[in-house]
There are 2 protein chains.
Amino acid sequence: MSNRLVRWLAVSMVTLFPLAAAAAEPRASARIASPDTRIAVEVTTDNEGRASYAVSRDGRPVVAPSRLGMMFTDTRKFERNLAIVDQRTRRHDERWELPWGERRHMRDHHNELRVTLAETSGPERRFDVVFRVFDDGVGFRYDIPRQPGLEHLSIAEELTEFDLADPATAWWIPAFEWNREEYIYHRTPVEEVGQAQTPITLRTADGLHVSIHEAALVDYSGMNLARVDGRRFKAALTPGIGIAKVEVATPFATPWRTIQIGERAGDLVESQLILNLNAPNALGDVSWIRPMKYVGIWWEMHLDRKTWASGPKHGATTAHTLRYIDFAAANGFGGVLVEGWNIGWDGDWFGNGETFSFTQAYPDFDIEAVTRHAREKGVTLIGHHETSGHAAHYEAQLEDAMDLYGRLGVQAVKTGYVADAGQAKVRGDDGALHYAWHEGQAMVRHHQKVVETAAKHRITVNPHEPVKDTGLRRTYPNLVTREGARGMEYNAWGQPGNPPEHEATLVYTRLLAGPMDFTPGIFGMDTKSGTPMATTIGKQLALYVVIHSPLQMAADLLEHYESRPDAFQFIRDVPADWDDTRALAGEIGEFAVIARRARGGDDWYLGAVTDDAARDITVPLDFLEPGRRYTAQIYRDGEGAGWRTDPRSLVIESREVGAGDTLVLAMASGGGQAVRFVAR
Amino acid sequence: MSNRLVRWLAVSMVTLFPLAAAAAEPRASARIASPDTRIAVEVTTDNEGRASYAVSRDGRPVVAPSRLGMMFTDTRKFERNLAIVDQRTRRHDERWELPWGERRHMRDHHNELRVTLAETSGPERRFDVVFRVFDDGVGFRYDIPRQPGLEHLSIAEELTEFDLADPATAWWIPAFEWNREEYIYHRTPVEEVGQAQTPITLRTADGLHVSIHEAALVDYSGMNLARVDGRRFKAALTPGIGIAKVEVATPFATPWRTIQIGERAGDLVESQLILNLNAPNALGDVSWIRPMKYVGIWWEMHLDRKTWASGPKHGATTAHTLRYIDFAAANGFGGVLVEGWNIGWDGDWFGNGETFSFTQAYPDFDIEAVTRHAREKGVTLIGHHETSGHAAHYEAQLEDAMDLYGRLGVQAVKTGYVADAGQAKVRGDDGALHYAWHEGQAMVRHHQKVVETAAKHRITVNPHEPVKDTGLRRTYPNLVTREGARGMEYNAWGQPGNPPEHEATLVYTRLLAGPMDFTPGIFGMDTKSGTPMATTIGKQLALYVVIHSPLQMAADLLEHYESRPDAFQFIRDVPADWDDTRALAGEIGEFAVIARRARGGDDWYLGAVTDDAARDITVPLDFLEPGRRYTAQIYRDGEGAGWRTDPRSLVIESREVGAGDTLVLAMASGGGQAVRFVAR
């Protein structure tokens, strides 16, 4: 440990210096390469003055020349008659530390090209496009200076294109549908993508893995991709609440558009590009942020055994909560989520978020007593604010709500925005209520406000039905996790549940964006529909490693854990915070093998999940510390296991291993495997 | 002739009567079939109260269950919690007459289903969806009554879907790109369509031909189709100039969404569905509307021999125009187009439409003298109003501009909206200038205003860079033709010109919407780029029949016609108005054979075009009047003809034929054939 830290500190200095002098004369093109010179970006203008960028790797095109530009509602677009009037480059190599996360030590090593494009006729406006080229991909953004006639941007659309050079298979979910982000992933040729959300992940015909996403989505609209024709995509910003999709004052820099590139699927998992493109911690001291596992009054509602609403089946009662707190304390869990504690659940709350109070508990929930007991047990309540998408109503109570939780020692809050896409509600600058999309600028601003308000009260935030993750946890470390994909509750509902390949797809799609509160750990396999869940207990355990979340739930009913202490031991042991992460093996939508080292510890954990196919995957254990011995505590699918056959069959066994060994991970259909490597 | 008329009148009565009594009780589904019972529509609601429609033909699905609904900016969407609370059906069989067009006698024969959907919770609003099912397809629209809280609709998006049941090949052009409608058509599997304009044309795996479009686009935004996934498309309305895509008062009925279905590609061409779904003539006496052929000062500008701007190469001079008028009169043409006659062309007019005057001629263009000479010769000037998309600037002069033309006896005006997509300019209700899309509601309103103002002055309108055609010529017969696709000028420019299959694609795509001012008739095959045009003279002649336009240009330089009097004779003979039209043979993007009977005459004309492949197409002449003899004047590709080899090779020959004969149409690569059948 200490050796590693010393080695890291030795090179942990920021180095910034120009790569080349700025070009004196306008030129038709500009170029920059990654530090290892393998990835290159070229910016060009054509004879009509349209600007494009292209990305290549080892001299082969990855993104063919693709247009740049922006369209406004109140002034002529940036698109034609552009010339490159300036270009500046610089090198950047910086080490920094994540206060919590999938790894501790980060390196931001890139070369930057700043291209200034100016109109050659008409208003003669100018804007910069800034490219940062890393060894594992490219980020770029528009940086628009304040200038006469452009004091304000009313953006109708970004004209950014992504024209993929090679045939590829794409994994994606549709944009602008009625749901938000909770779809089963499509796997299609790239030419069959329609309108997609990001991240979209691609595997090219010659095996390159590419993910297109964005970083640092602040005060802007979320970007989707609309395929125009062939393999050419256009940015499609989420609609705003006014005529423009985005309204901002200049100077303004957009979020980064990111293109991660790796040879293995796992290279995308290990990429630090998204976080590197976010701004450093803006909160100062964040030592109060505590990654943790939690249990909660939740799964029983999805099975209709309890209700959010008051009445005889009300889940969030004082007594029931105390039972959860005691369980959490006894098993080393940090938190207890309680949903349905507050007034507002009794009517038709869907789409009627104005019914919710965020400070008034139901009479059968003694919040003072519950939180007092929790504090005494060293456990925190995980608060819950379901808004049904009515962000304006929530904001009106936000300060009071966070103040209440802060006063009661509640360290985390799960927020919820259950409303159909486009049906959230925000208050505009005009004071009126507006319908809004979950990923439009207004909701981006709303989430920012929640996170900043929560931070003042030393509360971490876990939004469900959120804005997609773009790495903002670097800047706001209390934005610890979020939902934003089909989670475990779809398996409770069935009709259909998540397919067996779901988790092995998430690893290389949604999870590239950041942590997810997927809520794993279901041992009882009952579903409302009676259709079987596409999982085994082995997979449920593996998900604690495969899916990183600093708030990691053990989602099942307590009695199911009590009846399976053998399997539950892994959930007790596994941490929710890591020093290092390795994507050992995997193929998108087929299987994934992830290893992580506990934050501040020497133990490694491994999780492996598979799709419908049973698999034996052999992995070298060379991630372990050389020369050291470990006890591998193996939780694997047992005899006859399989999601259709016997999801509960599990074998637990131990082996002594070292870095020179290999491990064969035998997984059943829909199954998985979890391993704890205890350092000796 | 007279026999035909008598037969038509005998059944030319409107018959409207209910098909079945309205259902008394809410039901989960409603159904209607076409008069021949082969096409059926079923409307259903699911267990979440989402409404869908499906279309089948002969019991086989054509459109799988596809959602209905609408999303608003200021109130909850119509989409969930809907129940069918009423359904009414009726039969309709009506004969009516087109004052000009591709046929005279029309029959509107359909069964109608009006479904009333009401919300079962929340605001309990209601709206109707009206389906009209013809033997050749389906039209449907939303009809929203005035009701409390819905006095006004601020439509964010239509949620209408089109989920195609079968694999198909699609012919389409992209939507929301920088250009408007001028693209080379894509031919892809339907699963590879991105965002498409309508009409989009499909041929299913089992050979059915389907076209999705709209009818009666009035006070609404043009509909595009965004493919979501698989073969499922969603309506994507063109953006508006405010927060909503459409702003209207209730009661309001949307344009009709149309699904034309035919066994042969030619069935789509012969379909009367679009016109039948438009409202009857709103202008009263339209006997002043005169279909005609015209020549003009135009092609020479595209070849850079003349300029729109003033100066030594100015095209629109008095002397030059007089020459055109004399030529037109001598050859039986009705009109002479003059572009560049008015002040405003000298600066950078692109995107700067405010430079144009629509009443002030350049000094070298004596508009009084020119129009006087034209009137004396029985010819009309075809006026020209290029706006560069600045509709607001045009509207400010509209009355004066039309008054000037009306006073001078100008019977037609070609308007132009050369601006990039989204860069037109309109004045909003707030009095401010707004950027607008060419097919958004504001521009739809603008074109309506132009057409109505022109009608007052008995002027016909021919918009270029228009709103797409949706059959409004039935309601406003002075809206005679328009552009709205890549026309002949792309062949002047080259790099690339229109591909050889372009016209054989247009017939089954763009031209399904209505007439097009394609401007055929190029004999001189010079291009600016030096690349050859993908045509022969035979094809140029054929286009006068293949492409219907009541304003039909002979676009070439006059000297080219003077040097080829043999070929030119066909252009002199061919009419621009028809009593009947038959699509004799053809496959989308391969070839097309169209026959039309002259309006008020007994002569038939036939045009055939092919793509890159030379073809011999045998057609029976059974469209000719039985027992009658005709002299077939045949203009066919000659020895060695072909667009790459010898585009000018043409053979003209005559044969005596009758309805029992067949004709073999031998076409060269990129070629075509024109035939006049002179009745004896």
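In what follows, chains are A, B, ... by sequence order, proteins preceding strands, each numbered from 1. Computed from a predicted structure; not experimentally measured.
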What distance separates A/Ser121 OG from B/Phe350 CZ, expressed to the nearest 0.5 Å?
10.0 Å
Against chain B, label A/Asp348 side chain, backbone, both or neither, depending on which of its atoms sit under 4.5 Å from a heavy atom there.
side chain
Once rounded to the nearest 0.5 Å, what's the spacing between atom NZ of A/Lys234 and atom CD of B/Gln195?
8.0 Å
Rounding to 0.5 Å, atoms CD (B/Glu191) and OG1 (A/Thr188) come to a distance of 10.0 Å
B/Asp429, CG: over 12 other non-hydrogen atoms inside 6.0 angstrom:
no
Just give me the residue among A/Val193, A/Asn352, A/Val228, A/Thr73 that pairs up with chain B most often, heavy atom to heavy atom, under 4.5 Å.
A/Val228
If we ignore hydrogens and angles and just use 3.5 Å, is the side chain of A/Lys77 paired with the main-chain N or O of B/Gly422 as donor and acceptor?
no
State, to 0.1 Å, how close A/Tyr435 and B/Asp74 come at their nearest heavy-atom pair, and which atoms those are.
CE1-C, 3.7 Å
Which is it for B/Glu79 and A/Gln423 under the side chain to side chain contact (heavy atoms under 4.5 Å, CB included) test, yes or no, and what are the steps along the way?
CA-CA 11 Å; B/Glu79 202 233 4; A/Gln423 303 288 290; over 6 Å; no
Given that the side chain runs from C-beta out, which part of A/Leu433 has a heavy atom under 4.5 Å from chain B: side chain, backbone, both or neither?
neither
In terms of heavy-atom pairs under 4.5 Å with chain B, the winner among A/Ala436, A/Ala226, A/Gly242, A/Pro174 is A/Gly242
Once you round to the nearest 0.5 Å, how far does CZ of A/Arg50 lie from CH2 of B/Trp178?
4.5 Å
Taking every non-hydrogen pair under 4.5 Å, which of A/His434, A/Met71, A/Glu177, A/His186 racks up the most with chain B?
A/Glu177
So, does B/Arg76 use its side chain to make a donor-acceptor pair with the main chain of A/Gly351 at under 3.5 Å?
yes
What part of A/Phe176 lies closer than 4.5 angstrom to a heavy atom of chain B: side chain, backbone, both or neither?
backbone
Give the minimum heavy-atom separation between B/Ile241 and A/Ile243, together with the two atoms involved.
O-CD1, 2.7 Å
Bottom line for A/Ala421: the part with an atom under 4.5 Å from chain B's heavy atoms is backbone
Tell me, for B/Leu159 versus chain A, whether the close heavy atoms (under 4.5 Å) come from the side chain, the backbone, both or neither.
neither
